[in-house]
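A short worksheet on the structure shown next.
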Number of protein chains: 2
Amino acid sequence: MIIDVGKRLRMLRQLHGLSQRELARRAGVTNGLISLVEMNRVSPSVSSLKKLLDGIPMSLAEFFTGDFNQRTPVFYAEDEMLEIGNEEVSLRLVAAQRVGRQMTLLRERYAPGADTGEEMLAHKGEEGGVVVRGRIELTVGKETRLLGPGESYYFPSNLPHRFRNQGREPCEIVSCCTPPTF
Amino acid sequence: MIIDVGKRLRMLRQLHGLSQRELARRAGVTNGLISLVEMNRVSPSVSSLKKLLDGIPMSLAEFFTGDFNQRTPVFYAEDEMLEIGNEEVSLRLVAAQRVGRQMTLLRERYAPGADTGEEMLAHKGEEGGVVVRGRIELTVGKETRLLGPGESYYFPSNLPHRFRNQGREPCEIVSCCTPPTF
DNA sequence: CATGAGTGTTTAGTATTATTGACGATATGG
DNA sequence: CCATATCGTCAATAATACTAAACACTCATG
C-alpha cells in the first residue's frame, strides 16, 4: 500500500479540529513545517512525524496502519469468494480483490486425510482460527493438539506449523492472518 | 510504546541475513546511512525508512506495529476463550491475553432478535467475518444484506455498521478485526 | 472601511540527514 | 604470510528537512 503522509496528516489534524499552528505548538515544531509536510513538499523525519503524532495524539503504528480508503464490495456470497485450494485443502478468501487489505480472512476446508505437509509452513505475521466443524490436528513449533468444534488457535506465523485432518469427516475452519499473505 | 528505530531495524536486517551493504543495495540507499540509523545517530526521514523497509521487505505499519515477543499459549479450548457478551450477543475472544496482538479473532453468537443497535457502530481499522450458522442481517453504510451460512463480509470499520438477527435460530459468526480493538 | 485575530503558504537561512569514499577489523584461501 | 573480500564505522561534502519571519487571505467587530 502506498501511503500519502501529507494527506493523512492533514486529515487527522482536521479531524481533531486543530489548526497547523495549534498542532505545531503541541508538537513542538513550527507551523511552516506542518504546511510543507501536508503538501508533501518534504518527507518528515521519523522523529518529526513522531512529535506531530504525539500532538494529535496517535502512535506511529496507528498512523501507518490506519486505512482511509474507499469503496469496494462489502458482502460476499459463497461463489464470490476466491477459491484457491485443491481437492484436499480448499481455501475461500474473503474480499480477495480488496486493495490494501490489512488481513486475510479465509474459510478453510480440510478433507479427511488432508495434510499441509512435512516441511512445515513458516511465514511472517500472526494467524488464528476457530474450528467450525470436524477435527484438525495442528502442530505449532513443538506443540501438537487436536482441536474440535468451537476450539481455536492463535500464533505468530514464523513458528513452523502444520495442519492434518486425521479424522473421517471434513474439517472446516474460519481463519485469519495478518499481514495479508495472499 | 516507545520504539527504538535503530535497534529494530538492525534486528530485522540481521533476522533476514542481510549485511548493511546488501540491504543498502536493495533499498537504494547507502550503507553508511544504515549504519548511522542503526546507531540512532540520525532519525531517518519517512521516505528513507520506507525505502529501507521495502528492501526487507516490510511495511511501515508492520515496522511500527511489530511485536517481537514471546511465549503465549497457542491453543484455546472453548472455556479458555474470554467471553465478553450479554445474553443476546456473545463474543468469545481468541488469544485475549496475548500482548501486542495484531488482530482480534472472535467467535460471535447472536440470539434470535439480537441487535447491535440503532446508533451504528463505527471505529477504526478493518473487519471481516464468515457466517457459520443461521442468518444475520448486516448493514454497512447504506447497504443492507441478509447473510447465510458460508457467506461473508469485509469492510473498513469506520463505516457505520449494525448486526441484527431477525430469524428464529441463533446465528454464529467467526470474525476478525485489525487493528485489535479489544 | 479599518483593524485585529485567525487561517495556510512561502522564502531564506540553519540544522539535520544522506552520500561518497576511506579506514580498521575480521575472515578465507593461496 | 600476504592477498582479497566483506564487514561496520567514520569524516567531509551534498542534499534535504526544519525554523523563523513575512505574506496573503478570510472572517468578525468596531
Side-chain angles (χ1 to χ4, degrees), chain A residues 1-70 124 158, chain B residues 1-66 68 158:
Chain A
M1 173 172 49
I2 169 174
I3 60 158
D4 182 334
V5 171
K7 197 165 114 198
R8 190 168 290 190
L9 177 63
R10 169 159 292 173
M11 200 190 98
L12 287 169
R13 177 176 62 79
Q14 291 173 339
L15 215 58
H16 288 256
L18 300 174
S19 69
Q20 292 182 343
R21 283 180 162 81
E22 174 57 18
L23 176 56
R25 195 191 57 75
R26 298 192 190 190
V29 303
T30 57
N31 60 307
L33 175 61
I34 296 180
S35 176
L36 294 171
V37 168
E38 288 186 350
M39 290 188 294
N40 285 315
R41 302 255 302 255
V42 302
S43 171
S45 69
V46 170
S47 55
S48 299
L49 182 58
K50 172 116 184 24
K51 286 188 209 163
L52 290 170
L53 295 179
D54 286 347
I56 295 253
M58 167 174 275
S59 72
L60 286 160
E62 287 175 80
F63 182 80
F64 286 109
T65 306
D67 92 89
F68 306 95
N69 23 3
Q70 73 257 356
K124 269 204 307 190
N158 56 1
Chain B
M1 170 173 51
I2 170 175
I3 59 156
D4 181 336
V5 172
K7 198 166 111 196
R8 189 169 290 189
L9 178 63
R10 170 158 291 174
M11 199 189 98
L12 286 169
R13 177 176 62 79
Q14 292 173 339
L15 214 59
H16 288 256
L18 300 174
S19 69
Q20 290 183 343
R21 283 181 161 80
E22 173 58 17
L23 176 56
R25 193 190 59 72
R26 298 193 189 190
V29 301
T30 57
N31 60 308
L33 175 62
I34 296 179
S35 176
L36 294 170
V37 169
E38 288 186 349
M39 290 188 292
N40 285 316
R41 302 247 308 246
V42 302
S43 171
S45 70
V46 171
S47 56
S48 300
L49 182 58
K50 172 114 184 22
K51 286 188 209 164
L52 289 171
L53 295 179
D54 286 347
I56 295 258
M58 168 174 276
S59 72
L60 286 161
E62 289 175 76
F63 181 78
F64 288 109
T65 307
F68 307 94
N158 57 359

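Since the model is a prediction, treat every value here as computed from it, not as a measurement. Reminder, nothing fancy here: chain letters follow the sequence lines and each chain counts from 1.
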Exercise for review: Could you state the atom-to-atom distance from CD of A:Glu38 to C1' of C:dG8 in whole Å?
Suggested key: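 Roughly 9 Å, once rounded to whole Å.
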Exercise for review: Using whole Å, report how far CG of A:Leu33 lies from C1' of D:dT16.
Suggested key: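 Those two atoms, CG and C1', are 12 Å apart.
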Ignoring the backbone of [X], work out which of [options] is nearest its side chain.
X	options	answer
B:Ser19	D:dG8, D:dC18, D:dA17	D:dG8
B:Ser43	D:dT9, C:dT17, C:dG8	C:dT17
A:Arg10	C:dG8, D:dC18, C:dA18	C:dG8
A:Ser35	D:dG8, C:dT10, C:dT19	C:dT10

Point to revise | Of residues 20-30 of chain A, the positions that come close to DNA chain C - non-hydrogen atoms, cut-off under 4.0 Å | key: A:Gln20, A:Arg21
Exercise for review: Please answer whether the main-chain N or O of A:Gly6 pairs with a side-chain N or O of A:Asn40 as donor and acceptor at a distance below 3.5 Å.
Suggested key: yes
Check your understanding: Any sub-3.5 Å donor-acceptor pair from A:Ser43's side-chain atoms to B:Ser47's backbone N or O?
Key -> yes
Practice item. Under 4.0 Å between any heavy atoms, over every strand shown, what does A:Ser45 touch: base, sugar-phosphate, or nothing? Just pick one. Key: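 Sugar-phosphate only.
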Practice item. Supply the atom-to-atom distance B:Arg21 CZ to B:Ser35 OG, rounded to the nearest 0.5 angstrom. Key: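 Nearest 0.5 Å value for the CZ-OG distance: 9.5 Å.
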**Study point:** Under 4.0 angstrom between A:Arg41 side-chain N/O and D:dT16 OP1 or OP2
**Key:**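 Result: no.
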Check your understanding: Going by modelled atom types, is there a donor-acceptor pair between the base of C:dT7 and the side chain of A:Asn31 at under 3.5 Å?
Key -> no
